[in-house]
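Worksheet for the structure shown next.
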Amino acid sequence: MTITLEELVSLCKRRGIIFPSSEIYGGFAGFFDYGPVGVEIRKNLLDWWWDFFVRQRDDVLGLYPAIIMNPRVWIASGHVERFIDWIVECKNCHGLYRADELLEEKGIKITDYSPEALSKLIKEHNVRCPSCGGELSEPRKFNLMMETYIGPIKDETSIAYLRPETAQAMFVNFKLYVTYARNRLPFGIAAFGKVFRNEISPRGFIFRCREFEIAEIEYFIDPERANDCPYFHEVDKIIVKIWTKETQKKGEEPKEMSIGDAYNDGVFSNMWHAYWVGKSLEWFSQIGISLEHLRVREHLETELAHYALQTFDIEYYFPFMGWKEIEGIANRTDYDLKHHMKFSKEKLYVPLSGRKVIPHCIEPSWGVERTFFAVITEAYTKTSDGRVFLKLHPKLAPYIAGVYPLLSREPFITKAREVHKLLKKKFTCYLDVSGSIGRRYARADEIGVSFGITIDHQTLEDDTVTIRFRDTREQIRVKISDLVKTIEELIEKWE
RNA sequence: GCGCGGGUGGUCGAGGGGUAAGAUGCCGGCCUGCCAAGCCGGUGACGCGGGUUCGAAUCCCGCCCCGCGCACCA
C-alpha cells in the first residue's frame, strides 16, 4: 500500500524518529531534532557510510573538520561572491529578484557588483518589476550562508560563516593530506558534519533543512589518468536509469543502462566519475534502497554549480513527492585547488615522479537527512491488514532485539530480565513488559526492530526462547546459550 | 519571499461566541499458553501575542508553524 507524507511525519513524531525542533515555541522552520529511535538509525547510517567509504578502502582518509573556518576560505572558494546576492524587492507586489540577474536579462553589462553601482544601473535603465512592472527597492544583502561574529566586537570585520559544505575543509587541508597519503594519486578525503544554508523556504519535511548533515568525499585523481580506474569492474555491471542532459532536453525518458555501457557511450566526464556514481549506487543498494527507485540525472548547463564541470544527481523516487535528489556527484576539476593556491599563495600539488600534479577532484556529496528520509520511506511497509513495519536492514535498525515475557507476570519477567542482560552486552536491545504480546510485537515492528525474543512457558522448562522475525512474523526456537551466536549469524546472513 | 488553504491531548479528529466530543496511544490494575483481544481506573489539547465582547478555541489584526502553487534551491 502506498505511503503518504502525513503518515510518515506522524510516525516519525509518534515513535521518536525525527520531528520539528523547538515545538513548544511553535517550531522553527528548517530545523529538526532526532528522537531516541531516529538518533540510533542516523548513527547506524553514518557508521555504515564511514565503514563502506573509508574503513573498507585503502585510498580514502577521514577528516572531521571545524564548522567555522577563516572567512577567506569562502572568498577563495567563490561562495561569498556566489552566495551573497543583492536582492531588489518590488514595492508593489513584493516579489524578490536578484539585481544582477534583472540587469543581465536586459542585456545591461555589469562591471561593478557593489550595491551602489547596481542601484545606479537600475535607475539609469529604468528597470522595473518583471511580473507587475512596479518600482524596485534599493538592493539589499541576501546571504545564503549563515553568519556569526567571532570575538567580542560585532562588526563587519568580525563576520565568519557557518559552512555551507564540508568540501572546503578538504581542499584547505589538502597539503597535509598529500603528506598523509604519502605523495600518491589517486586518494580521497572523507568528511561528514553539520552544514548550514539560509534556504528561502524550507519544505518537504526533512527534505530541505536550514541545518543539515552532509557526508562528502573529495577524491583526487591525476588528470592524465582520469580514465584509468582500477576498481571500475566493481561497478560497471550495475544497471540503473540514467537521464543525460541530452535526453532531458529532447524530452525523453531516462534510459536504463549499465554504468559500463554509459561510460563507453561517453556519458561521464571520465572513468573515475562513472566509478563514483556506481559506487554510490552500490552503497544505496546495500543499505536497502532498491535500484528501481533510484535514477541518475545529469545537471543541465544552467543548473551546474560555479565549480562543476559535470554533475550527476542520484535521485530517489519518494511516492509522495516524486523524484528528488539525495546525492550529487560532481567533477570539480582543479577549480578549488587552483583558487586556494591563488588566494593562499600555497603550492597545492602532488609531487609524483618527475611531475607536479594539481589533481582533479570527483566529489560525491550525500545529504544525510535526505538519505535517512529515503531509507525510512523505502523501509515503510504496510500490509493489506494494516500492519505497519519498517523493513530496515539490521545494520540500520534502532534495536536489534526486543525482549518480551510472553505474559506480563512472574516468573516470565525475571527470566526476560536475564535474557535482556545477556543480549545488551552484544546488541542494541530493550525489554518490553507492558501490554499484550501482540501489542509489543506491533510497537517493535513500527520502528523496525529486527528480532523479537520471547520468553514463554517452554523457556522455563528447557531454557530455550523464540526469535521472531519482523518481516515474516515467523519464529524459530533456540537455546538461550546459543542466542547471541544465532543472532550474529542472522545479521551476517541478511541479504 | 508572494498567493491560497490550514493549526483542537503524543497521534488522528468532531465542534466553532457561554460545560471542548470520539478514537487511538500511554500509565496502573484484573485477565491472558504468541501477533495492537477484553474489563476497570487514570492521563492528556484549542500554535503565540494583541484587539472586540459581560464572556473568545470560535470573530478581527499581527506573528509563528504546516500543506499546495509560484519563486528560490552553488
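Note on naming: letters A, B, ... go to the chains in the order of the sequence lines (proteins, then strands), and numbering restarts at 1 for each one.
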**Q.** Charged tip of Arg370(A) within 45° of Phe207(A) ring normal and under 6.0 Å
**A.**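 Judged by the rule, Arg370(A) and Phe207(A) form a cation-pi pair.
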Q. Is the cationic atom of Arg163(A) (NZ for Lys, CZ for Arg) positioned less than 6.0 Å from the six-membered ring centroid of Phe196(A) and within 45 degrees of its normal?
A.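 Cation-pi check for Arg163(A) and Phe196(A): fails.
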Taking OP1 and OP2 of [N], is either one under 4.0 Å from a side-chain nitrogen or oxygen of [X]?
| X | N | value |
| --- | --- | --- |
| Arg439(A) | C26(B) | yes |
| Lys13(A) | G10(B) | no |
| Arg443(A) | C26(B) | yes |

Who pairs with [N] - Watson-Crick or G-U, where each distance is under 3.5 Å:
| N | answer |
| --- | --- |
| G69(B) | C2(B) |
| G49(B) | C61(B) |
| A14(B) | none |
| G38(B) | C30(B) |

Considering only [options], which nucleotide approaches the side chain of [X] most closely?
| X | options | value |
| --- | --- | --- |
| Tyr441(A) | C35(B), C72(B), G10(B) | C35(B) |
| Arg473(A) | C35(B), G33(B), A36(B) | C35(B) |
| Gln475(A) | C35(B), U32(B), U11(B) | C35(B) |
| Leu406(A) | U32(B), G10(B), G33(B) | G33(B) |
| Ala29(A) | G33(B), C34(B), C66(B) | C66(B) |

Identify whether any heavy atom of [X] sits under 4.0 Å from a base atom; if not, whether one sits that close to sugar-phosphate; answer base, sugar-phosphate or nothing.
| X | answer |
| --- | --- |
| Ser434(A) | sugar-phosphate |
| Gly204(A) | sugar-phosphate |
| Arg387(A) | nothing |
| Leu304(A) | sugar-phosphate |
| Glu7(A) | nothing |
| Glu23(A) | nothing |
| Ser10(A) | sugar-phosphate |
| Arg197(A) | base |
| Phe205(A) | sugar-phosphate |
| His306(A) | sugar-phosphate |
| Pro20(A) | nothing |

Gap in Å between the two [atom1] atoms, one belonging to [N] and one to [M], rounded:
| N | M | atom1 | answer |
| --- | --- | --- | --- |
| C63(B) | G5(B) | P | 16 Å |
| C54(B) | A20(B) | P | 22 Å |
| U43(B) | A23(B) | C1' | 16 Å |
| A21(B) | C70(B) | C1' | 40 Å |
| U53(B) | G10(B) | P | 34 Å |

(Q) To the closest 0.5 Å, what do you measure between OH (Tyr275(A)) and CG (Asn270(A))? (A)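 Tyr275(A) atom OH to Asn270(A) atom CG measures 13.5 Å (nearest 0.5 Å).
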Nearest whole Å is fine: how far is [N] [atom2] from [X] [atom1]?
| X | N | atom1 | atom2 | result |
| --- | --- | --- | --- | --- |
| Asn198(A) | C72(B) | CG | P | 17 Å |
| Ile24(A) | G9(B) | CD1 | C1' | 16 Å |
| Met321(A) | G67(B) | CE | P | 10 Å |
| Asp385(A) | C35(B) | CG | P | 13 Å |
| Leu5(A) | C68(B) | CG | P | 7 Å |
| Tyr404(A) | A36(B) | OH | C1' | 13 Å |
| Ile453(A) | C34(B) | CD1 | C1' | 14 Å |
| Arg203(A) | G3(B) | CZ | P | 13 Å |

Q.
For Leu144(A), is there any backbone N or O sitting under 3.5 Å from a side-chain donor or acceptor partner on Arg197(A)?
A.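 Not a single qualifying donor-acceptor pair exists.
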Q. Looking only at atom types and distance, does a side-chain atom of Arg210(A) sit under 3.5 Å from a main-chain N or O of Ala29(A), one as donor and one as acceptor?
A.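 Answer holds: yes.
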Do [X] and [N] have a side chain to base donor-acceptor pair shorter than 3.5 Å?
| X | N | result |
| --- | --- | --- |
| Tyr25(A) | C64(B) | no |
| Arg440(A) | C35(B) | no |
| Ser201(A) | C73(B) | no |

Q: Just do the side-chain hydrogen bond (donor to acceptor under 3.5 Å, both in side chains) check on Thr464(A) and Asp462(A) with the steps written out, would you?
A: CA-CA 6 Å; Thr464(A) 60; Asp462(A) 64 4; 2.7 Å; yes
(Q) Go nucleotide by nucleotide along RNA chain B from the 5' end; which of His79(A) and Gly30(A) gets its closest nucleotide reached first? (A)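 In this pair, the answer is Gly30(A).
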Q. Want to settle it: does Arg210(A) or Glu474(A) sit nearer the 5' end of RNA chain B, counting the closest nucleotide to each?
A.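 This one resolves to Glu474(A).
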Q. Side-chain donor-acceptor pair under 3.5 Å between Tyr316(A) and Glu327(A), yes or no?
A.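 Looking only at side-chain atoms, Glu327(A) and Tyr316(A) do not form any donor-acceptor pair under 3.5 Å.
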Q | Positive for salt bridge (Lys or Arg N to Asp or Glu O under 4.0 Å) with Asp445(A), one of Lys382(A), Lys391(A), Arg468(A) | A |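 Filter result, single survivor: Arg468(A).
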